[in-house]
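Notes for the one structure printed next.
Just so we're clear, the structure is a prediction, and the values are computed from it rather than from any experiment.
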Amino acid sequence: NLNTRKLMDNTSPEFMSFVETVLQNIKYEKNDIYCKFISYYPDFGHIKQRTFTQWLKIYSDKKGYVFETNKSNGKDYFTFKSQNMNSLFD
């Protein structure tokens with residue numbers, strides 16, 4: 001699949017394996033998910049959180065999700081919303 005190959009080219013196989021476990025339509029705290037990724041794959045400790053967030057956005061785009069972000073109580077959150085769910089709740 002072309003989209004999968006493009007994702008692998010722009011991120012990493014480890015990232016793809018990790019992010020596939022993140023369910024859509026659930027709110028996640030960005031730093032928490034970043035830290036979990038680094039704990040699962042310590043060789044990626046050099047990756048900055050900004051790069052990880054860019055990877056999340058690339059993944060979301062290639063998989064057809066809407067990448068929604070918001071802040072609450074000084075923390076940054078994100079959700080992968082499916083296109084269909086997005087229209088149901090707007």
Distance-only donor-acceptor hits, side chain of residues 71-78, under 3.5 Å, sequence neighbours excluded:
none

Under the side-chain contact (heavy atoms from CB on, under 4.5 Å) criterion, do Y40 and E14 qualify, and how do the steps go? CA-CA 9 Å; Y40 290 170; E14 293 85 357; over 6 Å; no
Angle between ring planes, F15 versus F37, binned at 30° and 60°: parallel, tilted or perpendicular? perpendicular
In short, salt bridge (Lys or Arg N to Asp or Glu O under 4.0 Å) pairs touching residues 28-41 with sequence neighbours left out are D32-K36
Compile the donor-acceptor pairs under 3.5 Å between side chains in residues 44-58 and protein atoms, sequence neighbours left out, one pair per line.
unit_1, atom_1, unit_2, atom_2, d
H46, ND1, D43, O, 3.2
T53, OG1, Q49, O, 3.1
W55, NE1, N10, O, 3.3

With distance as the sole test, does S60 use its side chain to make a donor-acceptor pair with the main-chain N or O of Y65 at under 3.5 Å? yes
